[in-house]
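In this text the structure is predicted, and so the values were computed from the model without any measurement. Residues take their numbers from the sequence shown, with the count starting at 1. As the structure lists them, so they are numbered: ligands from 1, and atoms in each ligand from 1.
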Amino acid sequence: MSAHNGPDPLGHWIDGKAVDDVTGRTGEVFDPATGRVARKVALADQAMVDRAVASASEAAASWRSSTLSQRSKVLFNFRELVAAHLDDLAGLVSAEHGKVLDDARGEVQRGLEVVEFACGIPQLLKGGFSEDVSTGVDVYDVRQPLGVVAGITPFNFPAMVPMWMYPIAIACGNAFVLKPSERDPSVSRRAAELLAEAGLPDGVFTVLNGDRDAVDGLLAHPDVAAVSFVGSTPIARHVYATGTAHGKRVQALGGAKNHMVVLPDADLDGAADAAVSAGYGSAGERCMAISVVVAVGDVGDRLVPAITDRIGRLTIGPGDQPGSDMGPLVTGAHRDRVASYVDAGEAEGAEVVVDGRGFAPPDGDPDGFWFGPTLLDHVTPEMTVYADEIFGPVLSVVRVDALDDALDLVNANPYGNGTAVFTGDGAAARRFQHDVEVGMVGINVPIPVPMAYYSFGGWKDSLFGDTHVHGQEGVHFYTRTKAVTARWPERSISPLAAGTGSQAGSGGSVDLQFPTSQ
Ligand code: NAD
């Protein structure tokens, strides 16, 4: 499947225009369902980074003074355009990522919810005002934009993750430079075209295609004030350390190992459905995918057969093929890496209940990056298949005796992105959500992605920096507060209005005391 009909290699979007970049390095973008190269993408060098940031800096200088109603109008127009082009955008996502179309539509829809949130920017930017903090003195605060902010995003949600960032950054009055994943860059070009059509001034939104050179160029650039990053933990750590060393504000969201704890009193069918949809949806290439089922007590004996039965009913095929539940993995290299984890798990003693290695759909292209749903039972915390983020359709079952053991297991894990508990016992659920050291918790909900008006982010090695994305924390990340203390002495009132007025220079004592409200 090839959904793009644009330039090859795909260039950048700078100053409100497509910018070809045919002289430099390029990356290959695959059609994961056939394994063939679908297009190439330009990989920016330092000169292109400088050009993109210069354009964004110029645009930021005037966009910061745009009115709130101008900004919300552009975002509202954009909301309408994305909704009208939802299927095209989902098609671009599916063609380069491999996920099935319904899933791709869902991702665009979740991104759209952030745009809708950002349309409320006049309300979101309201500050506080305190009248008469001292005689004739008022204090208020305003939130002002930072200038140029950059977003660096992963392959797995090429539409949604950038939309966690740019609608809010732009609504707050910043110019935004997006460096999307080089594996599925086409949907970001389309978003740029739609933002321009929505009336966004040139330069306020830039797409800089590239790889680590572009990222490092942005991280060191003196005119980039802040960086939002979403991707794997080692790169998140690097982005946070480098960005903050260059004086930038950084939020860097990393990888995950999400546990779903199932207690013996859980609705077994509901829990099995949830494990399958959260484990194998999008071929496990979701930062909120469940990769470990923690079976408490004897529930594993019933849950493993229930999950196995459901796996047998999944259809694996090209993302655009009606009826496909799960598509291929993003690249051949990634598919091989996922397979190596299953090999290691088997060698370390895990029981391979369902084996997806070597799978190819009967009517699919054998050269596609296929990997079937895989279920491993009796996994233990020492195994690499448990320790590392695999990011594929591999579900590991770890068996423990009691809720306390499950909590200890989850809390000992270095990641802390998402988790879920399945139980019919409210007190057990409450204890879990209270004691678990994870940023996003589901109670009988397998993928607890917060709505746009809450904030998304993990704890521990799943987030470097302390601000989560979107919601009010997103507004805070993309603005800085200025507190103003104001006094307008009576003498400033014109004689006509006040009747009398004291004269400047008429004397009075000089006071060096620290100001208090007394
Ligand atoms: P990745 O870390 O390989 O790439 C992310 C971004 O970093 C890309 O834009 C890429 O070009 C850039 N990059 C890659 N290597 C780099 C380097 N050495 N130096 C500088 N920049 C570099 O991640 P990915 O494979 O695209 O995405 C999957 C990962 O993202 C998984 O670990 C997943 O858990 C994580 N993820 C996390 C969240 C979250 O909210 N926490 C959401 C989505 C994805």
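Atom 19 (N) of ligand 1 has its closest protein heavy atom at Arg212 CB, 3.3 Å. With respect to atom 8 (C) of ligand 1, the closest heavy atom belonging to the protein is Thr153 O, 3.3 Å. Nearest protein heavy-atom neighbour of atom 40 (O) of ligand 1: Phe456 CE2, 2.9 Å. Looking at atom 1 (P) of ligand 1, its nearest protein heavy atom turns out to be Ser232 OG, 3.7 Å. Nearest protein neighbour of atom 35 (C) of ligand 1, counting heavy atoms only, is Gly231 O, 3.1 Å.
Checking Ile170, Val230, Val114 one by one against Met165, the side chain to side chain contact (heavy atoms under 4.5 Å, CB included) holds for a single residue, Val230. Just one of Val207, Asp21, Asp20 meets the side chain to side chain contact (heavy atoms under 4.5 Å, CB included) condition when paired with His12; it is Asp21.
Looking at Pro154, Gly255, Ala256, Gly254, it is Gly254 that brings a heavy atom closest to atom 37 (C) of ligand 1. The residue from Asn258, Leu178, Asn156, Ile235 that puts a heavy atom closest to atom 18 (N) of ligand 1 is Ile235. Closest to atom 11 (O) of ligand 1 by heavy atom, among Glu182, Met440, Glu285, is Glu182. With distances taken over non-hydrogen atoms, the option nearest atom 5 (C) of ligand 1 out of Phe229, Phe155, Phe391 is Phe229.
On a distance-only criterion, Ser462 and ligand 1 share no N/O pair closer than 3.5 Å. For ligand 1, the polar-atom distance check against Asp216 finds no nitrogen or oxygen pair separated by under 3.5 Å. Residue contacts with ligand 1: Asp211 is placed with no nitrogen or oxygen under 3.5 Å of a nitrogen or oxygen of the ligand (distance criterion only). In terms of polar-atom proximity, Cys287 is not counted as a contact of ligand 1, lacking any N or O under 3.5 Å from an N or O of the ligand.
Residue-level proximity to ligand 1 for Trp164 is carried by the side chain, the only part with a heavy atom below 4.0 angstrom. The proximity of Thr233 to ligand 1, defined as any non-hydrogen pair under 4.0 Å, does not occur for either the backbone or the side chain. Proximity of Arg183 to ligand 1, defined as any heavy-atom pair under 4.0 Å, is confined to the side chain (atoms from C-beta onward). Only the side chain of Glu389 comes within contact range of ligand 1, with a heavy atom under 4.0 Å; no backbone atom does.
Shown here are the side-chain contact (heavy atoms from CB on, under 4.5 Å) partners of Ala225, two or more places apart in sequence or in another chain: Leu146.
For ligand 1, the atoms lying closer than 4.0 Å to a non-hydrogen atom of Val215 are 20 (C), 21 (N). Which parts of ligand 1 touch Ile152 is read off a 4.0 Å heavy-atom cut-off, strictly below it: atoms 6 (C), 7 (O), 9 (O).
Shown here is Tyr453, whose OH atom has no more than 12 heavy atoms of other residues, nucleotides or ligands within 6.0 Å.
Taking a cutoff of 4.0 Å between a charged side-chain nitrogen and a carboxylate oxygen, Arg110 and Glu107 do not qualify as a salt bridge. At a threshold of 4.0 Å, the pair Arg25-Glu182 does not count as salt-bridged, since none of the basic side-chain nitrogens sits closer than that to a carboxylate oxygen. Between Asp15 and Arg51 there is no salt bridge, since no side-chain N of the basic residue sits under 4.0 Å from a carboxylate O of the acidic one. Under a 4.0 Å N-O distance rule, the pair Asp273/Arg310 qualifies as a salt bridge.
The closest approach between any non-hydrogen atom of Gly458 and ligand 1 is not below 4.0 Å.
A ring-centre distance under 6.0 Å is not found for Tyr415 and His259.
Between Phe205 and Phe176, the ring planes lie parallel to each other; the angle is under 30°, not in the 30° to 60° tilted range. Using the six-membered ring where Trp is involved, Phe155 and His97 have ring planes that are parallel, under 30° apart on the 30 and 60° scheme.
A donor-acceptor contact closer than 3.5 angstrom is absent between the side chains of Arg183 and Thr331.
Per-atom contact check: atom 24 (P) of ligand 1 touches the protein, criterion being a heavy-atom distance below 4.0 Å.
Between the side chain of Thr233 and the main chain of Gly255, a donor-acceptor pair closer than 3.5 Å is present.
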